[in-house]
> 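Could you have a look at this structure, given as structure tokens, before my questions?
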Amino acid sequence: MKHFSFTLSGRAGFVAATALLLNACAPGQDTPTPTAAIDLSHYLAVGDSYTAGFSAGGLTRTSQQYSFPNLMAQQFALASGGGSFTQPTLEAGTGTGYLNLLDFTATGQPRARRVAGAAVRRSVIDPAACGGPDTVRLFTRSAMASALPQNLGVPGLKLSQIEVAGLGNETNATPGGAFNPYFERLLPAADSRTYLQAVTTAASSATFFTYFQGLDELMPYIRSGGTCGTVSTALAETMKLNARKILDVLAANGRKGIIMRLPDIKTLPLLRQGQGKNVEARLQAFYHDNALIYIESPFVPGTSQPITDEDYILATALPRIGQLTPVQVGSSILMLPYGRDARNPIRNADVLEKASELNILTGIITTYNGGTSRALSLEGLAKLYKLPIVDPAQSLYTLDTGLLFTNVGNSVAIGGVVYSAEPVRGNFFSLDYYTLTPRGNALLANTCITAINRAYQANIPAVDVNKLPTTAQ
């Protein structure tokens with residue numbers, strides 16, 4: 001087996017890696033005859049929101065069509081041995097609800113409104129949910145629920161839930177119940193099999209796979225500023241063990257595939273746009289003053305502290321920073337600028353603070369991906385299963401999606417079109433600040449295709465990124 005391996009070293013290595021991962025993305029290139037030295041006739045995609053095609057806060061038939069696995073499968077079909085690819089598509093014109101752009105604020109933040117989902121058939125309200133009452137929506141079942149699809153991406157699926165029986169059974173759709181409506185619509189009615197069992201069934205006929213899972217384990221905590229859910233080093237071990245259980249199935253009998261590492265969460269615009277001192281400087285320039293930004297102290301309740309460059313305000317909270325809000329000060333109610341007065345600090349739910357929250361999250365992802373202890377990590381598992389060495393950064397054995405996300409964050413131009421981490425206008429990230437647009441999914445698909453071509457000596461053509469729409473809604 002040939003290994004795909006190249007190591008970055010300084011600036012020159014970074015540029016070379018960028019060119020390698022994005023070279024195939026540009027339109028107008030000569031297209032050699034597509035070939036594949038591996039069996040791509042039955043491709044299986046396993047993962048969570050990214051794999052499913054979740055975009056702008058929801059799932060629609062259009063966003064499913066532009067999921068990165070479906071885009072890859074279309075390119076596989078152009079090569080010898082490529083086959084059909086099935087997805088649990090929603091009916092045309094329906095969706096689970098999504099965000100639609102309204103306009104931009106004076107400080108450049110997008111404003112969106114929620115569009116109701118036409119695919120919703122029943123709702124369950126959980127009054128005791130973290131952060132306030134929450135609504136669980138049940139969706140129309142996939143027309144092919146009697147047979148599992150090849151795209152097993154399930155939005156909101158946590159790695160810690162892969163062996164939970166009844167996770168996709170409607171009887172568990174109760175307030176506080178262990179239930180995932182996206183998994184439920186993939187299964188026949190009253191089916192209590194676990195996600196791991198579903199993967200085992202689907203993998204029995206698979207010839208190739210992609211695995212990109214784990215981010216949805218952390219997103220509830222991230223999106224709530226650390227107020228919902230718990231994270232710890234123990235969670236990293238659970239994620240690694242359950243990844244091993246899935247990959248034991250996917251890589252059985254020498255089946256070929258690609259394992260994708262998680263990106264650094266600070267490359268997601270949900271955090272990237274809110275880096276503490278950068279926001280402070282932008283607001284000082286906007287308001288023409290020298291006011292500092294203050295956050296609630298995570299260690300001393302009722303007190304505030306100046307923000308640092310290693311604290312990150314959630315992008316969803318940025319439009320409210322500086323707005324006057326009522327605050328009880330002594331016996332008086334004062335209107336003070338939110339976050340720009342020590343007496344009205346940014347609340348914990350709107351920020352991830354370095355010491356108590358961000359460092360733990362970063363440690364979990366590092367441990368899960370590979371880090372210093374590679375036993376059972378994604379990198380260690382790739383070596384164990386003798387999968388190709390996909391090495392875009394410092395001798396790593398797995399596909400480093402983080403390199404793509406970092407490059408986009410620094411802005412890249414493809415065929416004259418600029419891609420950046422700015423939601424909507426940057427063409428890569430969608431309105432929910434972390435999932436991808438159709439073009440973003442195409443860049444991710446092309447990153448995988450480049451890795452497959454080098455690892456397996458194939459010649460699968462890339463997606464022409466700039467021909468795709470900039471929104472899936």
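Residues take their numbers from the sequence shown, with the count starting at 1.
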> For Leu186, is there any backbone N or O sitting under 3.5 Å from a side-chain donor or acceptor partner on Ser142?
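Judged by distance alone, no pair lies under 3.5 Å.
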> Does a side chain donor of either Tyr312 or Asn278 reach within less than 3.5 Å of an acceptor in the other side chain?
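Not at all, the side chains of Tyr312 and Asn278 share no donor-acceptor pair under 3.5 Å.
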> Mind checking the OG1-CG spacing from Thr210 to Leu44? Nearest 0.5 Å is all I need.
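CG of Leu44 is found 7.5 Å from OG1 of Thr210.
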> Closer than 3.5 angstrom, by distance alone: can the side chain of Arg255 be matched with the main-chain N or O of Leu250 as a donor-acceptor pair?
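Checked: pair present.
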> How far apart are the closest heavy atoms of Gly53 and Ser67, and which atoms are they?
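The pair with the smallest heavy-atom distance is CA-CB, 3.6 Å.
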> For Leu436, is there any backbone N or O sitting under 3.5 Å from a side-chain donor or acceptor partner on Ser55?
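Side chain of Ser55 to backbone of Leu436: a pair is present.
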> Under 3.5 Å, is there a donor-acceptor pair between the side chain of Arg114 and the main chain of Gly97?
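The answer is yes, because a donor-acceptor pair under 3.5 Å joins these two groups.
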> Phe429 vs Thr435, test: side-chain contact (heavy atoms from CB on, under 4.5 Å). Steps then yes/no.
CA-CA 6 Å; Phe429 287 106; Thr435 61; over 6 Å; no
> Between Leu152 and Ala202, which heavy-atom pair has the shortest distance, and what is it?
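Smallest heavy-atom distance, with atoms named: CD1-CB, 3.7 Å.
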> For the pair Tyr433 and Leu314, evaluate side-chain contact (heavy atoms from CB on, under 4.5 Å) and give the outcome as yes or no after the intermediate values.
CA-CA 9 Å; Tyr433 294 97; Leu314 300 184; over 6 Å; no
> Could you state the interatomic distance from CG (Asn70) to CD (Gln75), rounded to the nearest 0.5 Å?
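These two atoms lie 10.5 Å from each other.
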> For a 4.5 angstrom cut-off between non-hydrogen side-chain atoms, does Arg340 reach Leu292?
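No, every pair of side-chain atoms sits at 4.5 Å or beyond.
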> Verify whether one side chain among Asp216 and Ser49 offers a donor that lies under 3.5 Å from an acceptor in the other.
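Note: Asp216 and Ser49 side chains meet the donor-acceptor criterion.
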> side-chain contact (heavy atoms from CB on, under 4.5 Å), that's the test. Do Thr51 and Val46 meet it? Break it down for me.
CA-CA 7 Å; Thr51 299; Val46 172; over 6 Å; no
> What are the two closest non-hydrogen atoms of Phe68 and Ala445, and how far apart are they?
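Distance-wise, the nearest heavy atoms are O-CB, 3.8 Å.
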> For the pair Thr105 and Leu318, evaluate side-chain contact (heavy atoms from CB on, under 4.5 Å) and give the outcome as yes or no after the intermediate values.
CA-CA 10 Å; Thr105 67; Leu318 290 178; over 6 Å; no
> Are the side chain of Asp350 and the backbone N or O of Gly225 linked by a donor-acceptor pair below 3.5 Å?
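No.
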> In the structure I gave you, are the side-chain heavy atoms of Val199 and Ile162 within less than 4.5 Å of one another anywhere?
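Val199 does not reach Ile162 side chain to side chain.
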> Look only at the side chain of Asp311 and the backbone of Lys354, and say whether a donor-acceptor pair between them is shorter than 3.5 Å.
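Here the side-chain-to-backbone pair exists.
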> When you check the side-chain N and O atoms of Ser123 and Thr135, is any donor under 3.5 Å from an acceptor?
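No.
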> Nearest 0.5 Å, what's the CD1-CD1 distance between Ile321 and Ile313?
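The distance works out to 5.0 Å.
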> What residues form a salt bridge (Lys or Arg N to Asp or Glu O under 4.0 Å) with Arg121, not counting sequence neighbours?
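Salt bridge (Lys or Arg N to Asp or Glu O under 4.0 Å) list for Arg121, sorted by chain: Glu170, Glu184.
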> Going by heavy atoms in the side chains, are Thr471 and Leu101 under 4.5 Å from each other?
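No, too far: nothing below the 4.5 Å cut-off.
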> Under 3.5 Å, is there a donor-acceptor pair linking the side chains of Ser160 and Glu217?
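Yes - a donor-acceptor pair under 3.5 Å links their side chains.
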> Is the count of non-hydrogen atoms from other residues, nucleotides or ligands lying under 6.0 Å from Gln109 atom CD greater than 12?
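More than 12 heavy atoms, drawn from other residues, nucleotides or ligands, come within 6.0 Å of this atom.
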> Indicate yes or no: at least one non-hydrogen side-chain atom of Asn100 is less than 4.5 angstrom from one of Leu431.
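Not in contact.
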> Which value, rounded to the nearest 0.5 Å, describes the distance between Leu283 atom CG and Ile293 atom CD1?
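If I round to the nearest 0.5 Å, the distance is 5.0 Å.
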> For residues 85-122, which residue pairs pass the ring pair (Phe, Tyr, Trp, His ring centres under 6.0 Å) check, not counting sequence neighbours?
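Qualifying pairs: Tyr43-Phe85.
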> Considering residues, nucleotides and ligands other than Leu102, do more than 12 of their heavy atoms fall under 6.0 Å from its CG?
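Counting neighbours around CG of Leu102, more than 12 heavy atoms of other residues, nucleotides or ligands fall under 6.0 Å, so yes.
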> Verify the distance criterion only: is there a donor paired with an acceptor across the side chains of Asn359 and Thr362 at less than 3.5 Å?
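No, no side-chain donor-acceptor pair sits under 3.5 Å.
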> Nearest 0.5 Å, please: how far is CG in Asn348 from CD1 in Ile295?
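Going from CD1 on Ile295 over to CG on Asn348, the span is 7.5 Å.
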> Heavy-atom distance under 4.5 Å between the side chains of Leu157 and Gln213, does that happen here?
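In short, these two side chains touch, coming nearer than 4.5 Å.
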> Please give me the minimum heavy-atom distance between Ile38 and Lys256, naming the atom from each residue.
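That would be CG2-CG, 4.3 Å.
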> Consider only side-chain N and O atoms of Thr140 and Glu91, and report whether a donor and an acceptor are under 3.5 Å apart.
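The criterion, which ignores hydrogens and geometry beyond distance, is not satisfied for Glu91 and Thr140.
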> Of the options Thr227, Ile364, Val231, Leu235, which is the one that meets Tyr221 in a side chain to side chain contact (heavy atoms under 4.5 Å, CB included)?
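So, applying the side chain to side chain contact (heavy atoms under 4.5 Å, CB included) to Tyr221 and each of Thr227, Ile364, Val231, Leu235, only Val231 qualifies.
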> Any donor-acceptor pair under 3.5 Å linking the side chain of Gln87 with the backbone of Gln64?
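Checked: pair present.
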> Keeping the roles fixed (side chain from Arg272, backbone from Gly409), state whether a donor-acceptor pair exists under 3.5 Å.
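Side chain of Arg272 to backbone of Gly409, a donor-acceptor pair under 3.5 Å: yes, one is there.
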> So, do Val408 and Thr267 sit near enough that their side-chain heavy atoms are less than 4.5 Å apart?
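No, every pair of side-chain atoms sits at 4.5 Å or beyond.
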> Checking Asn453 side chain against Ile460 main chain: does a donor-acceptor pair fall under 3.5 Å?
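Looks like yes, one N/O pair under 3.5 Å.
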> Do Phe405 and Tyr434 have their ring centres less than 6.0 Å from each other?
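For Phe405 and Tyr434, the ring centres are not under 6.0 Å apart.
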> Minimum heavy-atom separation for Leu324 to Pro337, with atom names?
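Minimum heavy-atom contact is CD2-N, 3.6 Å.
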> Rounded to the nearest 0.5 Å, how far apart are CG of Asn459 and CD1 of Ile449?
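Taking CG in Asn459 and CD1 in Ile449, the distance rounds to 11.0 Å.
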> Can you tell me if Gln150 uses its side chain to pair, donor with acceptor, with the backbone of Ser84 under 3.5 Å?
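Answer holds: yes.
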> Can you see which heavy atom on Leu99 is nearest to which on Ala112, and at what distance?
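Closest approach of Leu99 to Ala112: CB-CB, 4.2 Å.
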> Whether the Tyr195 and Asn180 side chains hold a donor-acceptor pair (N or O, under 3.5 Å, no angle test) is what I'd like checked.
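No, no side-chain donor-acceptor pair sits under 3.5 Å.
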> If you define the side chain from C-beta out and look only at heavy atoms, does anything of Phe428 sit under 4.5 Å from Asn407?
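The answer is no, as the side chains (C-beta and beyond) never meet within the 4.5 Å cut-off.
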> Taking side chain as C-beta onward, heavy atoms only, is Asn446 less than 4.5 Å from Val463?
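Side-chain contact under 4.5 Å: yes.
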